[in-house]
Amino acid sequence: MTIAGSDSGGGAGIQADLRTFAFHCVHGTSVLTCITAQNTQGVTRVDAMSAQAVAAQFEAVMVDMRVSAIKTGMLLNQEIIQITAKKLVAFGCGNVVVDPVMVSRVGAKLLDDDAIHAMGDLLLPIAAIATPNRYEAQILAEMEIHTLADMQAAAQKIYKLGARSVLIKGGGMTGDLKAVDVWFDGDRLETLQTEAIDTIHTHGTGCTLSAAIAANLALGKPNLQAVQDAKVYVTTALKYALAIGKGQGPVGHFFPLQRLR
Ligand SMILES: Nc1ncnc2c1ncn2[C@@H]1O[C@H](COP(=O)(O)OP(=O)(O)O)[C@@H](O)[C@H]1O
Ligand SMILES: Cc1ncc(COP(=O)(O)OP(=O)(O)O)c(N)n1
């Protein structure tokens, strides 16, 4: 299941998540939190779903199907975070990947300021894996992140907020740290590195990574393996990113099919 917002441009949000689930051959269900008017250049409008509508979508799926893993993406406001956390706890959901979406790569604000504390207080404590990017990690850990040591320290600080593991994503890092991620589960501290792809077409990388982690957890992979395999998937999808639109195009979720055409 993905609990996330819609991206009209199809590069991030629910659209990226469902394509990622399909690639991994897991059935995707969706709880829509908001509708963004968005393209490769930015976000021009956001309309929230009501907390009741979010709860109803969640319950409709949960009472009928076995949901093996859940990712949360753009939750937009405090009410939606509160109802999401409440339902996840009520249904005893275990494999929860929390992507604490706050701001897009092109600078669009995707979470209300007064909702940041709810993300830390209510959602991170029920996360099997939290996946903040550099900017989200800086906010959650209340520190600046410039070096690998900073990423490691931030992972350890965010872990203390209650997530069972933390992945600090390095797409926003520079130089040799570009695309270097750091994972911490309270015991092991791992640096995950794949090749850095030289492209501006990176829209949806974070959504795709967290959706791939959720798919891998649903397939029964252990936490670190789920993260490592998801990182390889995103790296390959970036190699086949689509140069569509006037801004930052989306990653190519179905790269093997592109190769066969
Ligand atoms: N240019 C790139 N080359 C390879 N991997 C990248 C690149 N940009 C981002 N990634 C990877 O994509 C994943 C998502 O990270 P990031 O882009 O930081 O997230 P977000 O979209 O939430 O800002 C991470 O595993 C990161 O290392
Ligand atoms: C609807 C919606 N959800 C999430 C995001 C952020 O997506 P992300 O994968 O972090 O990629 P960028 O937007 O940073 O390129 C979004 N933009 N829209």
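Each ligand, and each atom within it, is numbered from 1 in the order the structure gives. These figures come from a predicted structure and were not determined experimentally.
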Polar atom proximity, Gly206 to ligand 1 (N or O, under 3.5 Å): yes
Thr205 N/O under 3.5 Å from ligand 1 N/O: yes
Minimum-distance protein heavy atom relative to atom 9 (C) of ligand 1: Gly171 CA, 3.5 Å
For Gly13, atoms of ligand 2 separated by under 4.0 Å from a heavy atom: 1 (C), 2 (C), 3 (N)
Ring geometry between Tyr233 and His24 (parallel below 30°, tilted from 30 to 60°, perpendicular above 60°): perpendicular
Thr235, any N or O under 3.5 Å of ligand 1 N or O: no
Side chain to side chain contact (heavy atoms under 4.5 Å, CB included) partners of Leu177, counting only residues at least two apart: Leu148, Met173, Val180
Ligand 1 to Thr199 polar contact by distance, N or O atoms, under 3.5 Å: no
Side chain, backbone, both or neither: the part of Ala12 lying under 4.0 Å from ligand 2 by heavy atom: side chain
Within-cut-off N or O pair, Leu209 and ligand 1, under 3.5 Å: no
Minimum side-chain heavy-atom gap Met1-Lys71 below 4.5 Å: no
Asp150 with Lys157: basic N within carboxylate O range, under 4.0 Å: no
Contact partition for Val234 relative to ligand 1, non-hydrogen atoms under 4.0 Å: side chain
Contact check, Glu136 vs ligand 1, heavy-atom distance below 4.0 Å: no
Heavy-atom nearest neighbour in the protein, as seen from atom 22 (O) of ligand 1, with distance rounded to 0.1 Å: Lys169 NZ, 2.9 Å
Within-shell test, Ser6 vs ligand 2, heavy atom, strictly < 4.0 Å: yes
Protein heavy-atom partner closest to atom 24 (C) of ligand 1 - residue, atom, separation in Å: Asp181 OD2, 3.3 Å
Minimum-distance protein heavy atom relative to atom 17 (O) of ligand 1: Arg105 NH2, 2.4 Å
Arg164 bridged to Asp185 by N-O distance under 4.0 Å: no
For atom 14 (O) of ligand 2, the protein heavy atom that lies nearest, with its residue and separation: Arg105 N, 2.8 Å
For ligand 2, the portion of Met74 having any non-hydrogen atom under 4.0 Å away: side chain
Atoms of ligand 2, numbered as shown, that sit under 4.0 Å from any heavy atom of Leu110: 5 (C), 6 (C), 16 (C), 17 (N)
Polar contact flag, side-chain donor to acceptor under 3.5 angstrom, Thr44-Gln38: no
Shortest protein contact, atom 3 (N) of ligand 1 (heavy atom only): Ile197 N, 2.8 Å
Structural part of Gln38 in contact with ligand 2, heavy atom criterion under 4.0 angstrom: side chain
Within-shell test, Leu238 vs ligand 1, heavy atom, strictly < 4.0 Å: yes
Protein contact of atom 23 (O) of ligand 1 - nearest heavy atom, named by residue and atom, plus distance: Asn133 ND2, 3.0 Å
For ligand 1, the portion of Glu195 having any non-hydrogen atom under 4.0 Å away: backbone
